[in-house]
Protein chains: 2
Amino acid sequence: MTDEETGTLKWGVERRLEFIEFRLFWEGGVNRADIIGLFGVSVPQASKDLTLYQERAPGNAVYDKRAKRYVAGDGFAPVFLKPDPAAYLSRLRSLSEGLTEPGESWISDPPAVDIAVTPRRRVESDTLRAVLDAIRDSRSIEVHYQSMSRDRAAPTWRRMTPHALGYDGFRWHARAFCHVEGRFKDFLLPRILGERAPGDPGATGADDRQWNETFDVVIGPHPDLTISQKEVVAKDFGMRDGKAVLRVRYAMLFYVLKRLGLLEDATKLSPRSQHIVDLNRPTTLAALERADFKL
Amino acid sequence: MTDEETGTLKWGVERRLEFIEFRLFWEGGVNRADIIGLFGVSVPQASKDLTLYQERAPGNAVYDKRAKRYVAGDGFAPVFLKPDPAAYLSRLRSLSEGLTEPGESWISDPPAVDIAVTPRRRVESDTLRAVLDAIRDSRSIEVHYQSMSRDRAAPTWRRMTPHALGYDGFRWHARAFCHVEGRFKDFLLPRILGERAPGDPGATGADDRQWNETFDVVIGPHPDLTISQKEVVAKDFGMRDGKAVLRVRYAMLFYVLKRLGLLEDATKLSPRSQHIVDLNRPTTLAALERADFKL
DNA sequence: TATGTCCATATACTTTGTATACCCATCAGC
DNA sequence: GCTGATGGGTATACAAAGTATATGGACATA
């Protein structure tokens with residue numbers, strides 16, 4: 001049986017058809033020139049691709065003679081990708097932050113975008129590789145770590161056994177067993193200044209209770225909002241009966257609360273900027289205590 | 001001149017070599033089976049690719065007979081990609097959040113990851129498309145918008161002319177001229193429940209002063225930190241002489257301040273969770289006022 | 001009307017990739 | 001120490017995908 005009969009396409013061809021569909025859906029149209037520019041194929045090949053796309057997805061692409069390009073047809077139904085707004089916006093963010101090459105992202109003329117970024121120390125390639133290696137092989141490494149302890153200014157070498165990565169919304173950290181203190185801790189990747197000496201592990205991820213056990217944060221709309229405002233906030237956060245439950249690892253609890261603005265007593269903050277409150281604050285504070293974060 | 005002489009590679013081949021390099025660098029090794037699995041090529045072709053990679057990047061790949069796969073050589077020097085830890089972590093995040101297909105991301109066995117996410121109402125495909133179209137074509141649309149005004153509970157149809165997108169760290173919004181109020185505003189994409197009736201624009205992006213003009217936020221370490229802690233924070237944020245300047249659009253000022261924890265008086269917050277303060281708070285408050293955010 | 005642009009298609013040719021077969025080295029298990 | 005399983009390399013004949021080049025058509029603009 002040939003490829004043509006089975007409908008199977010070569011990887012490269014499928015990527016191009018996917019690209020055509022992406023452009024039709026999100027960018028309002030596609031050109032032979034677009035295909036040529038991105039994939040470096042010849043003019044006739046780009047024509048063939050467009051023809052093939054029309055065979056595989058009838059009605060999706062119609063030629064707009066005025067604009068001299070294909071635009072999405074009325075009853076557009078994606079065949080090669082499941083269009084996900086979150087995925088598109090994620091691409092747009094990567095592109096805007098310079099993490100993706102313009103060609104790679106498939107977005108031709110991105111809209112004007114601004115992102116509330118905050119400048120942060122960067123992570124070194126070697127650091128990330130060393131941590132990933134240690135996690136993969138279940139081994140320990142020594143890291144030259146710049147901690148935030150009250151008086152120790154200079155970075156020190158400490159052995160640790162990482163088993164996971166965490167992201168708090170700003171920075172990445174390694175979740176690791178600290179051989180010096182004999183307990184699990186977070187090591188911020190940007191504060192690791194060097195790494196050396198892979199060795200035997202001190203503990204496994206299964207031993208990390210704070211990582212493996214979760215706590216339920218219960219949130220609700222800020223009490224000072226009007227009834228209609230509360231309804232909007234409830235929809236924003238997918239609340240039912242005025243509340244929503246977030247299941248969070250103890251090891252991530254501090255970060256989630258900080259991100260949600262719930263570390264302090266949110267009822268005392270202006271509802272204009274703080275839309276939600278913690279409906280179970282005493283329990284949460286106890287959980288934070290258990291998670292080793294003393295405020 | 002042939003391709004072989006110029007060193008030019010077909011798009012598909014180059015992707016595969018890039019993939020080989022990616023795996024060598026970040027994932028500790030690569031296999032024929034990996035290439036076959038991801039790109040659907042035949043066994044001999046995968047062999048050829050590995051051979052070709054070794055020709056193009058001598059010494060980067062060495063065969064580990066024990067592990068039966070290629071691993072990165074000692075003097076590994078990337079040829080097909082510039083390894084960027086931020087890009088890798090961004091991929092990892094997309095993968096963990098389910099925004100990327102496992103195959104597409106090139107990360108074979110991702111480490112355990114947790115991300116401090118917060119549940120949010122989703123954006124509709126049609127909404128995003130309509131807004132992107134309007135931005136691209138400089139047109140207006142009517143949106144069925146659920147606003148947060150104090151008493152208006154029901155969503156209303158309002159005409160607006162979007163010219164940019166903004167991301168506050170949590171949600172995306174359209175920066176747009178509001179035809180009802182006759183001024184530029186932010187429309188949260190998840191609160192747009194419907195869209196219709198493209199029409200003439202009400203104003204252009206160039207008219208949006210709050211978007212086009214910027215304000216400098218000056219930050220410094222929290223005064224209650226010890227000297228050594230301040231040094232760490234200074235390095236974290238790239239401060240010089242105890243301060244750093246962030247240039248921010250007025251239209252984004254509120255979001256940036258919220259993200260940095262600087263909406264309230266940060267000196268009154270615990271330095272344990274709030275590491276930085278606004279060194280110019282009165283000016284910032286005036287700027288917020290100018291940005292139309294009345295706290 | 002002339003010109004430029006963009007799409008489509010045809011032909012002859014090159015490159016890339018497949019299917020199949022066979023060989024080699026290493027390792028785990030008997 | 002043999003044996004089979006696994007993973008890599010390579011050769012040959014063939015299929016497919018893609019290129020270069022040329023030609024023609026539709027449409028917008030000057």
Completion exercise
A:Asn31 has its side chain closest, among C:dT18, C:dC7, C:dT9, to C:dC7
Handout entry: side-chain N/O A:Arg16 vs D:dG18 OP1/OP2, d < 4.0 Å
Key = yes
Fill in the blank from the handout: Atom CG of A:Asp49 and atom C1' of C:dA8 are separated, to the nearest Å, by 13 Å
Practice task
Kindly say whether the aromatic ring centers of A:Phe22 and A:Phe80 come within a distance under 6.0 Å.
Solution key: no
Exercise for the section: For the side chain of B:Leu50, starting at C-beta, report the closest nucleotide among C:dT18, D:dT21, D:dG9. Expected result: D:dG9
Problem - A:Arg66 vs D:dA28: side-chain N/O to OP1/OP2 distance below 4.0 Å - result: yes
Practice task
Could you work out which one of D:dG18, C:dA8, C:dG17 sits closest to the side chain of A:Val13?
Solution key: D:dG18
Handout entry: base_contact_polar (D:dG9 base, B:Arg32 side chain, donor-acceptor, <3.5 Å)
Key = yes
Exercise for the section: Go through the side-chain N and O atoms of B:Thr161 and B:His179 and say whether any donor and acceptor fall under 3.5 Å apart. Expected result: yes
Practice task
Carefully, step by step, assess A:Asp200 and A:Arg139 under the rule salt bridge (charged side-chain N to carboxylate O under 4.0 Å, His left out).
Solution key: CA-CA 5 Å; A:Asp200 291 332; A:Arg139 305 209 68 196; 3.7 Å; yes
Practice task
Name the nucleic acid region contacted by B:Tyr70, choosing base, sugar-phosphate or nothing; use a 4.0 angstrom heavy-atom cut-off, strictly under.
Solution key: sugar-phosphate
Problem - Closest nucleotide among C:dT26, C:dA19, D:dT19 to the B:Ser42 side chain - result: C:dA19
Practice task
May I ask you to evaluate whether A:Tyr63 reaches the phosphate of D:dG25, defined as a side-chain N or O under 4.0 Å from OP1 or OP2?
Solution key: no
Practice task
Output yes when at least one side-chain N/O atom of B:Lys65 is less than 4.0 Å from OP1 or OP2 of C:dA25, else no.
Solution key: no
Exercise for the section: Anything under 30° is parallel, anything over 60° is perpendicular, the rest tilted; go ahead and classify B:Trp157 against B:His144. Expected result: parallel
Exercise for the section: Report the residue (A:Ser47 or A:Lys68) whose heavy-atom-nearest nucleotide on DNA chain C is the more 5′ of the two. Expected result: A:Lys68
Fill in the blank from the handout: B:Lys10 NZ to C:dT16 P, in whole Å, measures 5 Å
Exercise for the section: Using the six-membered ring wherever Trp is involved, compare the ring planes of B:Trp11 and A:Trp11 and label them parallel, tilted or perpendicular (cut-offs 30° and 60°). Expected result: parallel
Handout entry: Whole angstrom value for the distance that separates C1' of D:dA15 from CD of B:Gln45
Key = 14 Å
